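Bear in mind that the values here come from a model prediction, so they are computed numbers and not experimental data.
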There are 4 protein chains.
Amino acid sequence: MASSFGDKIKFIIFGQSHGEAIGVVIDGLPAGEVIDLDELDKFLDRRRTGKNALSTQRKEADKPVFLSGVREINNNLETCGSPLCAIIKNLNAKSQDYAELLDKPRPGHADYTAYIKWNGKADMRGGGHFSGRLTAPLCIAGGIAKQILARRNIFVVAHLLECAKVRDKDFKDLELNNNLFENIAAKEFPVIDDLQGEKMQQEILKAREEGDSVGGIIECAVINLPAGLGEPMFDGIESKLAKVLFGVPAVKGVEFGIGFDAARLKGSENNDEFRIINNKVMTQSNNSGGILGGITNGMPVIFRAAIKPTPSISKPQNTISLSKLENSELVIKGRHDPCIAHRAVPVIEAAAACVILDLII
Amino acid sequence: MASSFGDKIKFIIFGQSHGEAIGVVIDGLPAGEVIDLDELDKFLDRRRTGKNALSTQRKEADKPVFLSGVREINNNLETCGSPLCAIIKNLNAKSQDYAELLDKPRPGHADYTAYIKWNGKADMRGGGHFSGRLTAPLCIAGGIAKQILARRNIFVVAHLLECAKVRDKDFKDLELNNNLFENIAAKEFPVIDDLQGEKMQQEILKAREEGDSVGGIIECAVINLPAGLGEPMFDGIESKLAKVLFGVPAVKGVEFGIGFDAARLKGSENNDEFRIINNKVMTQSNNSGGILGGITNGMPVIFRAAIKPTPSISKPQNTISLSKLENSELVIKGRHDPCIAHRAVPVIEAAAACVILDLII
Amino acid sequence: MASSFGDKIKFIIFGQSHGEAIGVVIDGLPAGEVIDLDELDKFLDRRRTGKNALSTQRKEADKPVFLSGVREINNNLETCGSPLCAIIKNLNAKSQDYAELLDKPRPGHADYTAYIKWNGKADMRGGGHFSGRLTAPLCIAGGIAKQILARRNIFVVAHLLECAKVRDKDFKDLELNNNLFENIAAKEFPVIDDLQGEKMQQEILKAREEGDSVGGIIECAVINLPAGLGEPMFDGIESKLAKVLFGVPAVKGVEFGIGFDAARLKGSENNDEFRIINNKVMTQSNNSGGILGGITNGMPVIFRAAIKPTPSISKPQNTISLSKLENSELVIKGRHDPCIAHRAVPVIEAAAACVILDLII
Amino acid sequence: MASSFGDKIKFIIFGQSHGEAIGVVIDGLPAGEVIDLDELDKFLDRRRTGKNALSTQRKEADKPVFLSGVREINNNLETCGSPLCAIIKNLNAKSQDYAELLDKPRPGHADYTAYIKWNGKADMRGGGHFSGRLTAPLCIAGGIAKQILARRNIFVVAHLLECAKVRDKDFKDLELNNNLFENIAAKEFPVIDDLQGEKMQQEILKAREEGDSVGGIIECAVINLPAGLGEPMFDGIESKLAKVLFGVPAVKGVEFGIGFDAARLKGSENNDEFRIINNKVMTQSNNSGGILGGITNGMPVIFRAAIKPTPSISKPQNTISLSKLENSELVIKGRHDPCIAHRAVPVIEAAAACVILDLII
């Protein structure tokens with residue numbers, strides 16, 4: 001009833017931040033799909049930690065080990081039809097940093113809600129099952145999905161549209177193609193306009209110095225989807241994507257096309273007029289983000305996800321003691337990210353790729 | 001695979017705008033729950049059409065007929081445990097208004113995507129299964145859910161937070177209780193600040209005169225939920241609500257708590273500090289909208305949904321001819337709403353009530 | 001969580017025996033499929049009651065009314081992609097016959113278990129949601145599924161293999177083709193060997209005279225399925241069929257191929273050896289019923305379902321009073337079937353057709 | 001879409017016989033449940049191989065490693081609410097034994113159907129995902145479920161009712177209580193009547209000598225279930241159990257209560273009359289196996305599963321060459337069981353325990 005999604009392909013994420021391992025089961029992948037391990041590693045590297053002062057100093061190699069669902073063929077892996085399981089061992093956990101937190105829930109975290117839900121029996125060391133670390137197995141799944149989609153000429157990429165109020169370029173003002181996508185994916189800091197990216201990084205470092213954190217908005221696009229994908233009403237593309245996106249820790253908002261801005265336009269401004277262009281049905285604008293009635297119209301699918309600022313900050317905060325049921329104070333120790341929005345960029349891609357693969361199979 | 005949602009309680013919506021009937025099946029309702037038909041009718045009346053120039057002139061009594069799942073007891077209905085089916089007959093359909101549209105897809109509508117998905121076999125008269133009319137059976141379900149929740153002291157209400165750039169008061173600046181909720185629900189036009197509501201209505205009428213339309217943002221709150229509801233990751237409250245909300249026609253964005261604004265705050269500003277107040281664990285602010293890690297924290301659950309402007313406008317628009325595959329023009333006839341955002345307010349409540357009931361049972 | 005099945009196509013059955021109507025929603029049918037209403041009626045006629053002394057005297061025309069999911073085209077119906085809902089009104093209910101039963105649960109019926117499950121709030125008039133009448137909407141679904149399958153050259157038929165210890169011929173001793181299937185389906189009493197059918201009918205009438213009832217075993221075959229259908233483990237064909245078959249009232253056993261008899265053979269006797277016959281991979285015997293590892297091997301899928309004797313008999317029986325919680329006696333009045341096994345034959349076909357259609361789409 | 005089951009608790013099985021590891025994910029277990037590892041090991045030992053000449057000589061320690069969902073507390077494990085993953089490494093695989101089989105599908109096995117389903121890309125070494133080895137992770141899940149159920153006073157046990165035509169005593173002729181259950185579970189060979197067990201073992205050894213195999217019938221009982229568990233129609237207990245039981249390799253038939261024999265009785269013989277006994281509602285007989293209308297009536301739930309003879313026999317068999325598409329012969333090498341029915345006894349218990357736990361939570 002949780003930690004899983006998908007219809008024809010089922011994705012299940014398991015693990016706690018300081019448990020033995022984290023991992024993913026993918027049931028329903030087509031057989032005979034090659035998994036390029038180098039390419040997968042490059043993708044996983046985009047969310048890896050500890051590369052610089054922009055993120056947590058917890059260093060994890062995060063190399064996936066494949067337990068099932070694949071055969072080794074010519075030094076590579078190929079899916080064999082049965083459920084794929086891949087895991088990552090947890091090696092660099094420092095649970096002592098979390099001792100105080102077992103009694104004092106961190107503001108903005110799931111510590112308190114997990115405590116209530118599981119009657120104090122949750123394993124919340126390092127955030128437990130709610131840790132951002134759980135996005136690593138989602139990225140394994142998404143990295144595999146991206147490879148399978150690319151073979152079908154479908155590409156997914158995201159960038160950091162906004163961070164600490166600094167704004168990157170919008171996808172809607174650019175021509176979306178795989179060159180642009182590869183260009184963004186290859187960058188250390190995932191923006192289109194590197195000058196704006198520089199400013200964002202300065203803001204992140206400034207927040208770090210202040211013992212504080214910043215958030216951001218991620219924009220993602222999927223190109224070359226056929227028209228007619230998705231179901232009406234509650235299994236439309238928007239519903240399917242939103243379900244998974246809101247499962248990514250820290251996401252508090254999701255919008256498609258121009259999203260909330262559509263509410264401020266007239267119908268005559270917001271409607272995307274149909275045109276025949278190069279013998280293909282297209283729309284002149286793409287305010288709908290490629291989706292009408294929950295179903296793709298053949299234009300790029302575009303959406304944005306709002307990432308709240310990392311709740312783990314080193315500034316002193318008010319909280320309570322669960323054992324004494326009285327007010328208390330908290331200074332969070334441990335290694336934390338002053339911003340997770342830039343590292344969440346490949347995570348959002350992964351979520352989108354998994355959902356799209358489930359739809360297209 | 002579509003038109004349905006829910007885990008322990010399953011909701012299925014069926015029907016086309018100009019078909020024989022529209023309806024809902026609800027499987028899993030607790031037995032022995034009274035359905036107060038007067039109260040249900042009052043709720044359904046809030047989305048009814050044809051009351052004034054603010055909405056379409058299609059007049060439908062929209063009285064639900066209960067086919068199963070209930071027994072008559074003392075001139076009232078009581079659930080009996082087996083699946084409930086309620087339908088509304090379609091009486092006032094004028095399909096001739098739609099003849100041209102079968103070949104010329106309306107910009108902003110599902111006409112084209114349904115045409116592709118179902119190989120030209122969709123019944124798109126009046127928007128078919130994608131019509132806003134399909135929110136009527138959702139409101140039957142939601143109205144029943146609201147009654148069952150109210151008996152458990154849980155209340156759901158929404159208001160039109162923004163329409164045509166005119167802004168109502170925010171829930172976050174008010175004390176949320178059932179008095180306020182009943183007050184809003186009793187109004188002809190669902191806003192907190194009636195002066196702002198007047199301005200919104202003027203904008204809607206102006207758009208109508210221009211043959212155009214406007215959109216809006218709906219804010220919804222659920223109070224008195226216990227802490228600990230919801231599942232981690234992809235079955236969190238946000239995921240469950242978003243899946244259903246994006247199934248409501250015209251919704252293009254969903255955000256929880258302060259949503260996208262959270263992306264612009266520092267962690268120290270956004271975190272909701274825990275406090276013991278009246279021996280209860282509460283948070284000082286409620287930027288998270290009552291949800292941490294996908295699980296309720298006992299504070300009000302608050303979210304917003306962006307409603308795009310009605311795509312059916314009478315202004316001439318560019319489109320294509322599907323039969324000739326060439327560019328064409330379109331002037332939409334028929335009876336349409338210059339705004340659906342105010343009528344969507346009870347629909348959003350209904351969606352929320354169904355999801356919450358499924359969680360709480 | 002109940003009264004529904006299917007993955008890509010979802011079937012939901014609703015209604016109580018003496019409620020307003022019974023019906024079915026089918027979500028996910030391909031668009032553009034013609035529903036031949038005459039053929040559907042012929043199929044429904046095979047389970048109709050009141051034709052002779054072999055079954056209950058409750059006469060219901062049981063004409064389905066289609067509320068959604070179809071368009072009328074050339075005096076016929078065509079699916080349009082959105083969820084199909086069809087209902088049958090309950091017209092000939094005599095609830096007074098059931099007054100005593102509300103306090104005295106009938107042995108062998110769901111009266112007691114439904115009473116406990118739904119805290120005395122179940123609508124058990126005429127058996128409520130557990131009545132054999134609920135197989136009528138399943139037959140609407142199955143009749144439609146059979147038409148769609150037939151267009152893909154896949155045929156489903158069942159016969160009454162055994163009734164009151166009288167045995168019909170076995171499918172495994174016959175060549176299975178559509179001629180044989182149509183021959184069986186056209187018969188008043190669904191057996192292969194009419195002499196044995198005569199004996200069965202005499203036993204049913206004898207049971208009727210004694211105020212008693214008899215059961216039977218139904219054998220069903222599906223031909224022309226491609227190899228490779230079904231999933232490993234818990235979503236194999238056997239699992240999917242069994243889930244639905246055990247949902248048919250009175251089914252107490254299900255076996256595939258030679259079923260329980262396989263447990264008494266040696267491996268060398270039970271294994272079906274592969275052979276190339278007419279350039280096609282076949283097996284020499286078909287003890288597995290066309291299924292290996294949950295997946296079709298291209299041979300006919302064959303299974304059997306055991307139908308217990310109708311629990312409603314007019315002989316006096318011991319039972320209890322639920323209100324007094326003391327022992328009591330019961331003489332069941334009303335119109336009941338001395339045997340339902342022969343009427344269940346098309347129901348088993350319907351169940352199989354729905355499951356197979358869901359697999360093949 | 002496969003290899004998984006469960007509603008409120010989700011069980012997913014993964015792995016191939018000769019892959020890296022096999023395992024299970026269980027999502028939705030209640031938090032705070034102790035897992036007694038010694039007791040779990042004792043349960044797993046009941047299906048272990050290589051103990052004597054009655055089963056395959058492939059020796060696997062089959063010690064589960066827990067990757068997630070638990071915390072170590074006082075040298076024991078306790079569930080923590082998040083998804084539990086446990087794996088078993090594959091150590092003793094001899095894939096060379098299977099080289100010939102890649103081209104020559106074994107009669108009675110899934111070799112051919114998996115080949116077709118996954119376009120020749122399946123990993124069928126050792127039977128791949130269809131191997132009986134995959135019942136080991138099911139037993140981990142079932143062993144945990146049994147411990148949780150036992151704490152709620154619910155007990156599950158199975159015995160080998162029939163093997164090679166030798167018959168053990170029937171549950172219906174015995175008083176079912178936990179003493180009897182523990183007595184059976186403690187035996188090397190799981191029968192009630194040890195003399196009959198001796199005869200069965202002789203038949204198994206005889207089959208082994210002949211290069212052949214035998215099957216059997218397993219009977220399982222669950223006691224102390226409350227009345228009112230289960231849903232009507234397709235989510236009844238019978239449907240839920242059958243779905244999982246048919247997912248156990250080699251099961252070809254499932255029946256509840258007296259099952260197929262019910263089809264040969266009169267209604268007056270088959271109906272279980274209700275009686276008040278010790279102030280409790282009971283039935284005098286239990287022909288229904290404790291289930292009416294898919295819902296428990298408070299009597300023991302009893303069912304039987306038919307296990308076909310092991311298809312891997314060393315006698316020469318006819319088969320085909322997939323590469324040449326011509327007839328061929330096959331002599332299966334490798335280590336195989338002359339009977340799996342006795343080792344399947346705890347597997348059937350495991351399946352039942354998982355399903356019942358899902359219902360009771």
Which answer fits [X], side chain, backbone, both or neither, if we ask what part of it has an atom under 4.5 Å from a heavy atom of chain B?
X        : result
A/Lys266 : both
A/Glu269 : neither
A/Pro311 : both
A/Thr310 : backbone
A/Ile307 : backbone
A/Thr296 : backbone
A/Ile291 : both
A/Phe130 : side chain
A/Glu162 : side chain

Full working for side chain to side chain donor-acceptor pair (under 3.5 Å) between A/Ser321 and A/Asp103
CA-CA 6 Å; A/Ser321 158; A/Asp103 187 46; 2.7 Å; yes
I'd like to know which of [options] tops the heavy-atom pair count under 4.5 Å against chain B.
options                                : value
A/Ser268, A/Gly298, A/Gly108, A/Gly293 : A/Ser268
A/Asn318, A/Ile295, A/Leu292           : A/Asn318
A/Gly253, A/Ser288, A/Ala110, A/Ala263 : A/Ala263
A/Gly236, A/Gly215, A/Pro107, A/Ala305 : A/Pro107

Select, from [options], the one with the greatest count of heavy-atom pairs under 4.5 Å involving chain A.
options                                : result
B/His129, B/Lys308, B/Arg264           : B/Arg264
B/Pro249, B/Ala207, B/Ala227, B/Ala341 : B/Ala227
B/Leu245, B/Val244, B/Ile258           : B/Val244
B/Gln317, B/His109, B/Arg275, B/Glu210 : B/Arg275
B/Val214, B/Val248, B/Ile217           : B/Ile217

For the side chain of [X] and the backbone of [Y], is there at least one donor-acceptor N/O pair under 3.5 Å apart?
X        : Y        : value
A/Gln284 : A/Glu273 : no
B/Asn119 : B/Lys121 : no
B/Ser213 : B/Ile313 : no
B/Asn270 : B/Ala262 : no

Note: [X]-[Y] ion pair, threshold 4.0 Å (strictly below):
X        : Y        : answer
B/Asp358 : B/Lys10  : no
B/Asp337 : B/Arg208 : no
A/Glu329 : A/Lys104 : no

Gap between atom OH of B/Tyr112 and atom CG of A/Asp272 - 0.5 Å precision:
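If we round to the nearest 0.5 Å, A/Asp272:CG and B/Tyr112:OH are 13.0 Å apart.
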Roughly how far, to the nearest 0.5 Å, is the CD1 atom of B/Ile218 from the NE2 atom of B/His342?
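Taking NE2 in B/His342 and CD1 in B/Ile218, the distance rounds to 10.0 Å.
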In terms of heavy-atom proximity below 4.5 Å to chain A, should [X] be classed as side chain, backbone, both, or neither?
X        : value
B/Asp212 : side chain
B/Glu238 : both
B/Thr283 : neither

Side chain to side chain contact (heavy atoms under 4.5 Å, CB included) partner of A/Phe11, chosen from A/Cys354, A/Ser4, A/Pro137:
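Only one of A/Cys354, A/Ser4, A/Pro137 forms a side chain to side chain contact (heavy atoms under 4.5 Å, CB included) with A/Phe11, namely A/Cys354.
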Closest approach of B/Gly247 to A/Ser239 (non-hydrogen atoms, all atoms of both residues):
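Scanning both residues completely, I find the closest heavy atoms to be N-OG, 3.5 Å.
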